[in-house]
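Reviewing the structure listed below.
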Amino acid sequence: MRVDVFFTPHHLDEMDLREKKVVVIDVLRASTTIVAALSNGAKEIIPVATVEAAMKIVGNRDGEVTLLGGERHGKMIEGFHLGNSPSEYTEERVKNKSIVFTSTNGSQAFVKARYAKEMLVCGFVNISAVASALLLEEDDVTILCSGRDADFSLEDAVCAGMLLQKLIDAKGQSVTYGDTGAAALVLYKSQRRSLQAMLARTEHGKYLKAIGFGGDLKTCAGLDTLPVVPMLIGNVLKIRSSDNVALAP
Ligand code: MLT
């Protein structure tokens, strides 16, 4: 199994990811929020790159059935129903709802991977479930970190390293990787003692704390607290199950 790690989607073209099995990581916070929403019974998440596209898709649809979720600069977008804090995506708010979702970096990575053979969403909250899903098959894997503003982010790289380590633990030397994978492993090993403390030291962690979302760091550091795997089916994210794997492209 070959595992390629990309620290940002910036230089990739969506065609580069065609035919690949891609795992998108945006620990703070899009991955965590999407996993929380689906865990709490959201019917589906529709990831889009821009606020305009989100508004267009929702159109006149009733807010009872379809919600707009996401952020710009970490804050809820005017006219949206939900921001990008996992704590907002409670069962009460999201059960059976479709959520059109846009975020600054995470959504850009999801959209880049839209033509992938398979696209899964990973954070610390579901990392073992994602590893188990990957280990069901022998396919090569591309781990795509969302990064921050087209640049590297430590939290996504550490999560990528942890996921790679889980695959190595399960499959040993048959897992191969390049220099970015090796760097992700080093970062993971240096930070694994306290994921929450690591998040608090990151640029985005500090920013979230400054704008009043410091509580989200604990949620986003929670290891395997929400063991579901979001998977892109058509243009919507749903919980991966044996039923819907058959529907994937
Ligand atoms: C993003 O996609 O850039 C993040 O999820 C931002 C955030 O923390 O809201």
Side-chain angles (χ1 to χ4, degrees), residues 6-12 14 22-40 42 45-54 67-90 93-94 99-114 119-127 130 143-160 195-196 198-222 225-226 230 232 237:
F6 292 95
F7 287 138
T8 130
H10 189 55
H11 57 291
L12 288 172
E14 48 194 27
V22 181
V23 178
V24 176
I25 295 176
D26 185 12
V27 170
L28 294 177
R29 298 167 289 173
S31 294
T32 311
T33 297
I34 286 169
V35 175
L38 290 172
S39 286
N40 285 331
I45 312 286
I46 305 162
V48 296
T50 65
V51 175
E52 293 69 31
L67 300 176
L68 280 162
E71 58 67 45
R72 284 298 178 271
H73 309 292
K75 298 175 187 159
M76 199 203 290
I77 299 158
E78 203 184 322
F80 275 39
H81 305 96
L82 296 156
N84 188 26
S85 171
S87 64
E88 294 171 68
Y89 290 69
T90 58
R93 292 298 304 277
V94 305
I99 301 166
V100 181
F101 181 87
T102 183
S103 70
T104 310
N105 301 287
S107 287
Q108 316 311 316
F110 301 137
V111 169
K112 277 264 165 93
R114 70 185 142 174
M119 194 258 270
L120 309 179
V121 176
C122 181
F124 291 120
V125 289
N126 69 339
I127 193 163
V130 171
I143 302 178
L144 180 59
C145 299
S146 301
R148 187 170 193 248
D149 300 335
D151 212 339
F152 177 87
S153 72
L154 180 64
E155 66 276 14
D156 292 346
V158 169
C159 188
L195 296 176
Q196 193 178 332
M198 178 273 294
L199 292 183
R201 284 192 297 272
T202 64
E203 282 182 81
H204 197 57
K206 286 183 199 154
Y207 176 71
L208 288 173
K209 200 168 168 214
I211 62 168
F213 290 112
D216 285 352
L217 303 191
K218 186 170 182 205
T219 308
C220 296
T225 49
L226 302 168
L232 193 70
L237 289 163

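Counting starts at 1 for both ligands and their atoms, in listed order. Sequence positions, counted from 1, serve as the residue numbers for this chain.
Under the 30°/60° scheme for interplanar angles, the aromatic rings of F152 and F7 are found to stand perpendicular.
Separation of atoms OG1 (T32) and CG (L226) is listed at 8.5 Å; rounding is to 0.5 Å. Rounding to the nearest 0.5 Å places CD of E71 at 11.0 Å from OG of S85.
A heavy-atom cutoff of 4.0 Å around ligand 1 is satisfied by the protein residues D26, L28, R29, A30, E71, G74, N84, S103, T104, N105, G106, H204, L208.
Shown here are the side chain to side chain donor-acceptor pair (under 3.5 Å) partners of R148, two or more places apart in sequence or in another chain: H204.
A donor-acceptor pair under 3.5 Å is absent between the side-chain atoms of D216 and the main chain of T33, judged by distance alone. In terms of modelled atom types and a separation under 3.5 Å, the side chain of R93 and the main chain of A37 share no donor-acceptor contact.
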